[in-house]
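In what follows, every heavy atom counts, from backbone to side chain, and hydrogens, waters and symmetry copies are set aside. Counting begins at 1 with the first residue of the sequence.
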Amino acid sequence: MSTLEHELKIMKALQHENLVKLSDVRDNATYKRKDETTYKCFAIILEYVGGGELFDFVAETGKFSEKVARTYFHQLMNGLYYMHCRGYVHRDIKPENILLSRDFTLKLADFGFACHIKGRDGTGILHTKLGTEGYMAPEIPTKNYKGAKTDIFAAGVILFIMFAGNPPFEKATPTDPYYKLIK
């Protein structure tokens, strides 16, 4: 199964108010260029989420009040809880993959690294180093980790960013001076 097929399979299985919804997949869509010529293509139609990325919102407005950070964290955790209960982990939680709708509802997006919570071997231990370093739990580089726990770790980093306006550390490693302080 290709990476795209895998991602689409997961998106079809997940329907929650805090996850970007897959609306349709068209194998033989027609695309019209500006010059009016057309060609056939594969199209993935997603829910329109017009409020932008959480990353941009924090960068433009600065840190959030405790109430706003708590509200968005609650929505993020609702989406993650749903995913985990349905048997999937995201593995790339970061502000660029968190979108806001026009009414400011949080929507988790980009399920390209998502996988079954039990992993390929059914043990629940995942073995692929995936994610974005600043949000990656310290056990991921060992390639022996529980996906749900690493999603929660990344969500905690997001909460810190929303409330403080900056990340808690550069990378969750013993050599990072800020990570050492937290640990």
Side-chain angles (χ1 to χ4, degrees), residues 3 7 10-11 14-23 44-86 88-115 117 126 128-141 145-183:
T3 304
E7 183 173 1
I10 291 171
M11 289 186 77
L14 300 173
Q15 298 295 317
H16 188 270
E17 66 185 343
N18 298 118
L19 305 178
V20 172
K21 290 177 184 66
L22 174 67
S23 296
I44 301 168
I45 299 136
L46 302 174
E47 164 189 20
Y48 178 69
V49 186
E53 295 177 359
L54 180 67
F55 180 85
D56 293 333
F57 201 70
V58 172
E60 290 172 18
T61 64
K63 63 185 181 177
F64 295 166
S65 69
E66 182 180 334
K67 182 179 180 181
V68 172
R70 185 175 54 239
T71 299
Y72 284 132
F73 187 69
H74 181 75
Q75 290 178 20
L76 175 58
M77 295 309 294
N78 278 344
L80 281 177
Y81 178 76
Y82 171 81
M83 276 188 78
H84 295 166
C85 287
R86 297 283 297 176
Y88 295 99
V89 292
H90 190 278
R91 299 196 299 174
D92 198 21
I93 308 292
K94 59 184 177 181
E96 296 88 339
N97 287 342
I98 299 172
L99 307 176
L100 300 175
S101 68
R102 288 197 180 269
D103 67 351
F104 298 101
T105 300
L106 182 141
K107 304 277 187 173
L108 186 55
D110 191 352
F111 300 91
F113 289 167
C115 73
I117 203 164
L126 303 178
T128 310
K129 183 181 174 186
L130 291 172
T132 303
E133 281 197 340
Y135 308 94
M136 202 182 283
E139 62 269 29
I140 291 176
Y145 60 93
K146 296 238 179 205
K149 288 182 178 184
T150 60
D151 278 354
I152 302 302
F153 181 91
V157 174
I158 300 296
L159 176 61
F160 189 97
I161 290 169
M162 287 189 293
F163 191 67
N166 55 279
F169 45 77
E170 194 171 313
K171 192 159 79 168
T173 62
T175 58
D176 185 289
Y178 297 108
Y179 181 72
K180 278 200 259 188
L181 289 173
I182 294 169
K183 186 176 177 204

Next item on the list: Flag yes if more than 12 heavy atoms outside Phe55 fall under 6.0 Å of its CZ atom; otherwise flag no.
Entry: no
Checklist line | OG-CD distance between Ser101 and Glu17, expressed to the nearest 0.5 angstrom | finding: 10.0 Å
Checklist line | Gap between atom NZ of Lys94 and atom CE of Met136 - 0.5 Å precision | finding: 9.5 Å
Margin query: Can you confirm whether more than 12 heavy atoms, excluding those of Phe169, are under 6.0 Å from its CZ atom?
Written below: yes
Checklist line | Asp92 backbone acceptor or donor facing Asn97 side chain under 3.5 Å | finding: yes
Note to self: Between Met83 and Leu14, is the side chain to side chain contact (heavy atoms under 4.5 Å, CB included) condition met? List the steps.
What the structure shows: CA-CA 7 Å; Met83 276 188 78; Leu14 300 173; 3.8 Å; yes
Notebook entry, point to check: If you look at every heavy atom in Val157 and Gly134, which pair is closest and at what distance?
Noted result: CG1-O, 3.8 Å
Checklist line | Pair listing, side-chain hydrogen bond (donor to acceptor under 3.5 Å, both in side chains) test, anchored in residues 44-53, at least two apart | finding: Glu47-Lys107, Tyr48-Arg102
Item checked: Minimum heavy-atom distance between Ile93 and Ala154, given as atom pair plus value -> CB-CB, 3.6 Å
Check: Hey, what do you get for CG (Leu76) to CD1 (Ile152), rounding to the nearest 0.5 Å?
Finding: 8.0 Å
Note to self: Are there over 12 heavy-atom neighbours, none belonging to Gln15, within less than 6.0 Å of that residue's CD?
What the structure shows: yes
Item checked: Derivation and outcome, side chain to side chain contact (heavy atoms under 4.5 Å, CB included), residues Leu126 and Lys146 -> CA-CA 6 Å; Leu126 303 178; Lys146 296 238 179 205; over 6 Å; no
Notebook entry, point to check: How long is the gap from CG on Leu80 to CE on Met77, to the nearest 0.5 Å?
Noted result: 5.5 Å
Item checked: Intermediate values then yes/no, ring-ring contact (aromatic ring centres under 6.0 Å, His included), Tyr88 and Phe111 -> CA-CA 10 Å; Tyr88 295 99; Phe111 300 91; 9.3 Å; no
Check: Do you know which two heavy atoms are closest between Ser23 and Leu46, and how far apart they sit?
Finding: OG-C, 3.9 Å
Notebook entry, point to check: Can you tell me if His16 and Asn78 form a side-chain donor-acceptor pair at under 3.5 Å?
Noted result: no
Margin query: Quick check on Phe163: does its CZ atom have over 12 non-hydrogen neighbours (other residues, nucleotides or ligands) under 6.0 Å away?
Written below: no
Checklist line | Atom of Met162, atom of Phe73 and distance for their closest heavy-atom approach | finding: CE-N, 3.8 Å
Check: To the nearest 0.5 Å, how far apart are CD1 in Ile117 and NE2 in His90?
Finding: 13.5 Å
Next item on the list: Return the set of residues passing side chain to side chain contact (heavy atoms under 4.5 Å, CB included) with Pro138 (not counting sequence neighbours), or none when no residue passes.
Entry: Phe153, Ala172, Tyr179
Margin query: A side-chain contact here means heavy atoms from C-beta on lying under 4.5 Å apart; do Leu100 and Val49 qualify?
Written below: no
Check: Distance-only, no hydrogens or angles: does the Thr132 side chain make a donor-acceptor pair with backbone N or O of Tyr135 under 3.5 Å?
Finding: no
Item checked: Nearest heavy-atom neighbours spanning Ile161 and Pro168 -> CG1-CD, 4.5 Å
Notebook entry, point to check: Hey, what do you get for CD1 (Ile140) to OG1 (Thr150), rounding to the nearest 0.5 Å?
Noted result: 4.0 Å
Notebook entry, point to check: So, does Arg91 use its side chain to make a donor-acceptor pair with the main chain of Phe113 at under 3.5 Å?
Noted result: yes
Notebook entry, point to check: Would you say the side-chain atoms of Gln75 pair up with the backbone N or O of Leu106, donor to acceptor, closer than 3.5 Å?
Noted result: yes
Notebook entry, point to check: Any chance NZ of Lys63 has more than 12 other-residue heavy atoms, nucleotides or ligands included, within less than 6.0 Å?
Noted result: no
Next item on the list: Report yes or no: does His74 contribute a side-chain atom to a donor-acceptor pair with the main-chain N or O of Ala69 at less than 3.5 Å?
Entry: no
Margin query: Just to verify, which of Val58, Asp110, Leu54 counts as forming a side-chain contact (heavy atoms from CB on, under 4.5 Å) with Ile98?
Written below: Leu54
Item checked: Aromatic ring pairing Tyr72/Phe64, orientation class (parallel under 30°, perpendicular over 60°, tilted between) -> tilted
Checklist line | Residue pair Asn18 / Thr105, side-chain donor-acceptor N/O under 3.5 Å | finding: no
Note to self: For Gly112 versus Thr3, what's the shortest heavy-atom pair and its separation?
What the structure shows: O-CG2, 4.3 Å
